[in-house]
Amino acid sequence: MTHRTHTINSQNSHFFSALFTRMESLTKSQQAQQLAGHSSRAGKTQTTEMVPAAATTAGLTMSSDESMILKLIQQTHSPDAREVQVRGLLSLVEDILDRATLDSDDSNASMLPLPTEDHKLMQSSMMSVLDSVSYAIDRVACEIAYKSLTGSDAHEITMSVFEHLSSFHWHGKLVLTLAAFALNYGEFWLLVHFHSKNQLAKSLAMLKLVPVQNRVTLESVSHGLNDLIREMKSVTACVVELSELPDRYITLDDPHLSRIISTIPIAVYWTIRSIVACISQINMITAMGHEMMNTQMDSWETSMLANKLKNIHDHLAETLRLCYRHIEKQRNSESLKMLHSLFDTTHIDNMKILTALIHPKNHSTPLQDGSTKRKKVHLDVLRRKTVLLLISDLNILEDELSIFEQIYTESRSNLLGIDGKSHMPYEVVWVPIVDPIEDFERSPSLQKKFEALRAPMPWYTVDSPKLIERHAVEFMRERWHFMNKPILVVLDPQGNEASLNALHMIWIWGTEAFPFTRAREEELWRRETLTLNLVVDGIDSVIFNWINPENYIFLYGGDDLDWIRRFTMAAKATAKDSNVKLEMAYVGKRNHSHMEQIRRISEAVRAENLSHSWAEPALMWFFWARLESMLYSKIQLGKADDHDEVMQGIKKILSYDKLGGWALLSKGPEIVMITHGAIERTVTVYHRTWKTHVPTKGYTKAMYDHHHDEILLETGKPCSHFDFHINARSGRIPEKMNCFDCHRPMEKYMSFACCHDDKLLDQDQNYNF
């Protein structure tokens with residue numbers, strides 16, 4: 001046996017002694033005690049344990065020993081201004097380690113991708129980097145190989161590596177040491193693979209005592225070190241990635257970030273120490289040659305180190321996640337400020353504004369043209385045009401889209417020129433919001449829902465919710481009060497905000513409200529009075545055709561079919577007896593969570609010929625949306641006072657609807673009264689009471705007087721009660737309001753209503769007044 005082999009045997013005895021002692025303290029087993037006793041007689045034990053007690057703890061919670069180690073390695077750390085481009089070197093090292101396995105000349109190795117042209121180009125650029133660090137790599141490789149053969153313990157060798165690499169940054173130390181290991185490990189497996197094919201490799205393997213014929217030993221090395229090498233690569237990749245984070249956002253001024261980043265040195269220490277253990281095992285095998293046998297201690301040591309590095313990697317991966325979240329938050333904050341600043345600046349056109357909101361990045365065609373259904377177009381199609389941004393999540397109501405599409409299509413057809421092209425003064429763009437966007441990326445159902453919503457839209461649509469960046473969504477929430485329910489933001493040709501939400505103007509007046517400014521809204525309201533034309537305009541041509549001075553018209557609503565039957569039959573009987581022409585129409589109920597129930601009632605009304613009723617649910621939705629829009633429009637314009645006739649009428653309908661049945665009576669366009677469910681009693685007692693007054697007072701006057709002078713005295717006047725849904729469409733909620741009946745100040749209550757409760761409202765949150 002050679003002197004070199006004798007040295008390794010002596011070192012092996014010391015190593016086993018320390019390791020068996022460690023196992024005795026951990027397992028307390030009789031077998032471990034016997035092994036430790038036998039090993040202690042073979043020679044002196046090493047002074048430093050291979051893995052301290054803290055090795056099995058989660059994360060990087062340091063033991064007292066590790067705290068001392070940290071102080072020692074920090075004393076060696078004296079980096080200069082030199083910056084080594086380690087990313088390319090790490091890729092080269094990872095490629096070596098991925099291919100350096102027992103099966104690298106078999107089918108498994110062939111599954112690894114061959115070098116691409118980009119990879120070859122990267123290797124070419126690596127030459128200058130290698131020129132500057134090759135000496136350091138060789139020196140570390142030799143240092144570890146020599147000291148592991150001369151009996152030095154792992155900690156001593158690791159500290160020696162830190163001394164040699166003192167002038168490099170932490171990530172540089174780690175990558176260079178891993179490169180030194182790849183040099184050693186790659187050479188070992190290269191000789192194993194080619195010894196049977198190449199005489200030079202065979203002779204060199206014999207000279208280096210590589211046990212090429214001992215399959216058991218080679219399998220032990222390959223399988224025993226694979227897990228540890230994988231963790232070494234993972235930790236190194238995390239450390240390098242942390243080093244590449246932008247200093248602009250990751251600074252030691254943040255105590256939390258400073259604390260988690262300060263654990264990097266100890267992660268570097270344990271990875272280098274694991275590299276030392278791997279190189280030591282390879283050197284033991286080559287030194288012992290064919291006499292080297294697989295031992296339980298080898299696997300125990302590598303398993304303990306692999307577990308330690310896995311905990312470190314998990315900690316670093318979480319650190320990276322926190323850092324990226326911090327960076328994203330900082331970048332979003334900066335982008336948000338820039339976006340606000342952009343909207344406060346005057347521009348010659350709207351391109352900067354639209355590009356900032358619908359961020360194309362490398363997406364040169366971020367819009368899809370709804371008129372062609374498939375064609376993708378650039379933002380330039382919107383240049384110097386008034387743009388209506390229809391902003392919503394993917395839960396936008398089909399009824400809402402249907403009505404909006406009808407208004408858009410009619411407007412477009414009315415503006416067709418002699419050239420057959422539409423000359424609309426504005427364009428609509430649907431901006432779909434999915435927040436967080438990660439939900440969209442990992443949900444095929446959301447992606448299908450987006451495509452299904454977009455498919456029938458005849459206007460422009462953003463090509464994907466992913467084009468709306470997080471800061472843009474935050475901007476819409478902050479500045480435009482977007483709360484998932486649809487809003488319609490109007491930007492003029494210069495990108496200025498003409499309206500933060502013109503949707504209520506669209507529902508009331510359609511495209512007649514163009515250019516959707518506050519001045520235009522005030523102008524349109526000056527033309528309006530509380531008439532039946534205003535209440536039903538643009539909804540149903542049947543009702544609209546009823547409006548003439550000779551016709552009496554009842555609009556009514558509610559969700560009690562028995563009340564509807566009694567009311568409609570009694571009302572028609574009074575009209576027949578009074579020889580007046582009465583038309584009636586059922587308009588449903590405001591609460592959209594009752595849609596199925598209202599649909600069944602509407603079908604019954606038509607089937608029993610009780611009155612006219614809309615077969616399309618979208619028309620009922622539109623009726624109530626217009627009334628709500630009138631209310632919100634008046635509030636925004638500061639017209640929510642008791643002297644505004646339109647406001648008082650709208651509040652009555654919305655309030656009585658919440659109480660149950662209600663009715664609006666008009667003679668031609670003139671609204672005679674708006675009342676709650678007690679109107680059913682008024683028409684029921686017709687023959688016994690007010691019938692005699694019809695010839696002198698007239699049909700409507702006789703009914704009105706009896707209802708107010710008799711019926712309401714018995715039943716009482718219900719004070720007003722209605723809801724403001726908290727969303728962008730509602731805008732500003734008034735600080736105070738008076739009851740339209742008793743004129744006293746109303747009390748304000750807050751309530752929460754689940755959208756799945758069919759007894760409550762369809763909104764997530766609402767105010768009850």
Side-chain angles (χ1 to χ4, degrees), residues 395-400 402-403 485-486 503-504 507-508 530 532 534-540 543 554-561 563-564 567 585-602 605 611 613-614 616-635 640 646-664 671 674-677 679 718-727 729-731 733 737 740 746 749 751-769:
N395 294 317
I396 185 171
L397 296 175
E398 290 184 13
D399 292 344
E400 193 161 8
S402 173
I403 296 296
K485 300 299 178 182
L503 209 50
H504 60 272
W507 296 150
I508 301 170
L530 184 62
L532 191 60
L534 174 64
V535 174
V536 300
D537 185 27
I539 299 178
D540 184 4
I543 297 177
F554 258 128
L555 298 186
Y556 69 94
D559 56 1
D560 184 342
L561 185 56
W563 178 89
I564 292 171
F567 169 64
Y586 175 66
V587 296
K589 193 172 181 63
R590 178 191 183 196
N591 189 348
H592 308 307
S593 63
H594 291 259
M595 287 179 64
E596 182 57 31
Q597 180 185 2
I598 300 303
R599 185 189 63 79
R600 291 196 298 268
I601 291 174
S602 181
V605 167
S611 75
S613 179
W614 295 314
E616 298 179 40
L619 294 180
M620 285 189 182
W621 174 90
F622 189 33
F623 173 83
W624 292 103
R626 287 186 78 250
L627 291 180
E628 289 179 354
S629 296
M630 294 177 198
L631 178 70
Y632 297 143
S633 174
K634 286 285 187 178
I635 291 173
V646 174
M647 188 68 171
Q648 294 306 302
I650 296 167
K651 289 196 294 185
K652 282 185 180 182
I653 297 175
L654 295 177
S655 180
Y656 291 155
D657 170 72
K658 185 160 182 68
L659 295 175
W662 64 275
L664 177 155
I671 294 177
I674 301 171
T675 183
H676 55 82
I679 188 65
C719 285
S720 54
H721 181 107
F722 54 93
D723 309 301
F724 284 104
H725 298 162
I726 306 303
N727 55 45
R729 187 180 303 167
S730 63
I733 302 300
M737 292 185 70
F740 52 74
M746 299 170 67
Y749 297 91
S751 67
F752 296 86
C754 178
C755 59
H756 297 105
D757 191 340
D758 61 5
K759 297 180 181 179
L760 297 172
L761 299 176
D762 69 326
Q763 306 292 335
D764 295 343
Q765 298 174 316
N766 66 84
Y767 275 117
N768 288 332
F769 290 80

Spacing of [X] atom [atom1] and [Y] atom [atom2] [to the nearest 0.5 Å]:
X      : Y      : atom1 : atom2 : answer
Ile674 : Gln648 : CD1   : CD    : 10.0 Å
Met595 : Leu397 : CE    : CG    : 7.0 Å
Ser402 : Glu400 : OG    : CD    : 11.0 Å
Lys589 : Met620 : NZ    : CE    : 12.5 Å
Asp657 : Ile653 : CG    : CD1   : 9.5 Å
Arg590 : Asp559 : CZ    : CG    : 14.0 Å

Check against side-chain contact (heavy atoms from CB on, under 4.5 Å), Leu555 and Ile543: CA-CA 9 Å; Leu555 298 186; Ile543 297 177; 4.2 Å; yes
Tyr656 (side chain) donor-acceptor with Gly557 (main chain) under 3.5 angstrom: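 Not confirmed, Tyr656 side chain does not pair with Gly557 backbone.
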Please examine the side chains of [Y] and [X], heavy atoms only from C-beta on, and report whether any two atoms are closer than 4.5 Å.
X      : Y      : value
Trp624 : Leu654 : yes
Phe622 : Asp399 : no
Tyr632 : Leu503 : no
Phe554 : Leu664 : no
Phe567 : Ile679 : yes
Ser655 : His676 : no
Ser633 : Ile508 : yes
Val587 : Tyr556 : no

Worked check of ring pair (Phe, Tyr, Trp, His ring centres under 6.0 Å) between Trp563 and Trp662: CA-CA 10 Å; Trp563 178 89; Trp662 64 275; 9.1 Å; no
Identified side-chain contact (heavy atoms from CB on, under 4.5 Å) partner of Arg626 from the options Ile650, Leu631, Asp537, Val536: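 Of all the options given, the one that passes is Asp537.
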Considering all heavy atoms, the nearest Val605-Ser613 contact: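 Taking every non-hydrogen atom into account, CG1-CB, 4.0 Å.
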Shortest non-hydrogen contact between Leu530 and Gly649, atoms and distance: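 Distance-wise, the nearest heavy atoms are CD2-CA, 3.8 Å.
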Plane angle bin for Trp614 and Phe623 - parallel if under 30°, tilted between 30 and 60°, otherwise perpendicular: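 If you compare the ring of Phe623 with that of Trp614, the planes turn out tilted.
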